[in-house]
Amino acid sequence: MIAELAIGAVILAVTAVLTGTQPARAVLDASEEIAARGAAVAVVDVPLDTGTEAGDAAAPGVETVANVTVDPARVGTNRVQVLVLAGGGLVGVPEVRVSFTLEEKGIGPLDARLEDAGGYWINDDLRLPLPGKWTMAVTVRTSEFDQVTKTVTVEVRPVPGTAPEKTGTG
């Protein structure tokens, strides 16, 4: 009797967690919709070579990508969201880290401080202080011992209505 009650409680707990988690496809569709509208957002797919074992993240030979959205990709507060995808579906990984560096100004790396949001990783409060071409480093830990780091460039624009920063003495 107690075993059956325990099994029932576990099933209810798992159901509650799963019903409160947004499906990966819905999150990805929302990111692509924002980008398609021409909104001020950066959506970048970062290919991850996870090796032949793929660290349990995906089957061998299946391309794994980190889909990173920086919204609005402007000076000030930005939202960073990362989905790790393989074979068209969401892949659970133990850790995702993203940092931003503006090398020409000697700024960074600024850690995005992502939190696991039940299958995807997010931070609604990343502050990027200056416009420019920022180097974004994406690190995905695929197992206890394996991780992959890739870097890409993300354009951060000035706030609309402000003059772009001038360089030189003019």
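- Residues satisfying the side chain to side chain donor-acceptor pair (under 3.5 Å) criterion with D124, sequence neighbours excluded, are R79.
- Note that CG of L83 is 9.0 Å distant from CD1 of I122, once rounded to the nearest 0.5 Å.
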| request: May I have the step-by-step check of side chain to side chain contact (heavy atoms under 4.5 Å, CB included) for T153 and E155, ending in yes or no? | output: CA-CA 7 Å; T153 301; E155 180 74 29; 5.9 Å; no
| task | Would you please test W134 and V70 for side chain to side chain contact (heavy atoms under 4.5 Å, CB included) and show each step? | result | CA-CA 12 Å; W134 289 74; V70 181; over 6 Å; no
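- A66 approaches V82 most closely through the heavy-atom pair CB-CG1, 4.2 Å.
- To the nearest 0.5 angstrom, I107 atom CD1 is 4.0 Å from L130 atom CG.
- Nearest approach of P129 to L110, heavy atoms of both residues: CD-CD1, 4.0 Å.
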| message | Please determine whether side chain to side chain contact (heavy atoms under 4.5 Å, CB included) holds for the pair W121 and V93, giving the CA-CA distance in whole Å, both sets of side-chain angles, and the decisive distance to 0.1 Å. | response | CA-CA 10 Å; W121 298 78; V93 295; 3.9 Å; yes
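- Scanning for side chain to side chain donor-acceptor pair (under 3.5 Å) contacts around T149 gives T139, with sequence neighbours left out.
- Of all heavy-atom pairs spanning T77 and P72, the tightest one is O-CD, 3.6 Å.
- Across A112 and L126, no two heavy atoms sit closer than the pair CA-CD1, 4.0 Å.
- In terms of heavy-atom proximity, V75 sits nearest to P158 at CG2-CA, 4.1 Å.
- In terms of modelled atom types and a separation under 3.5 Å, the side chain of D146 and the main chain of E144 share no donor-acceptor contact.
- Distance check, rounded to the nearest 0.5 Å: CZ of R97 to CG of L114 gives 10.0 Å.
- Distance OG1/T64 to CG/L85: 9.0 Å, rounded to 0.5 Å.
- Checking V140, T142, V68 one by one against V84, the side chain to side chain contact (heavy atoms under 4.5 Å, CB included) holds for a single residue, V140.
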| Please walk me through it: do N67 and T69 pass side chain to side chain contact (heavy atoms under 4.5 Å, CB included)? | CA-CA 7 Å; N67 176 270; T69 302; 3.9 Å; yes
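- Contact between E63 and P47 at its shortest, heavy atoms only, is OE2-CB, 4.3 Å.
- The number of heavy atoms from other shown groups lying within 6.0 Å of CD (E95) is above 12.
- To the nearest 0.5 angstrom, K133 atom NZ is 13.0 Å from E103 atom CD.
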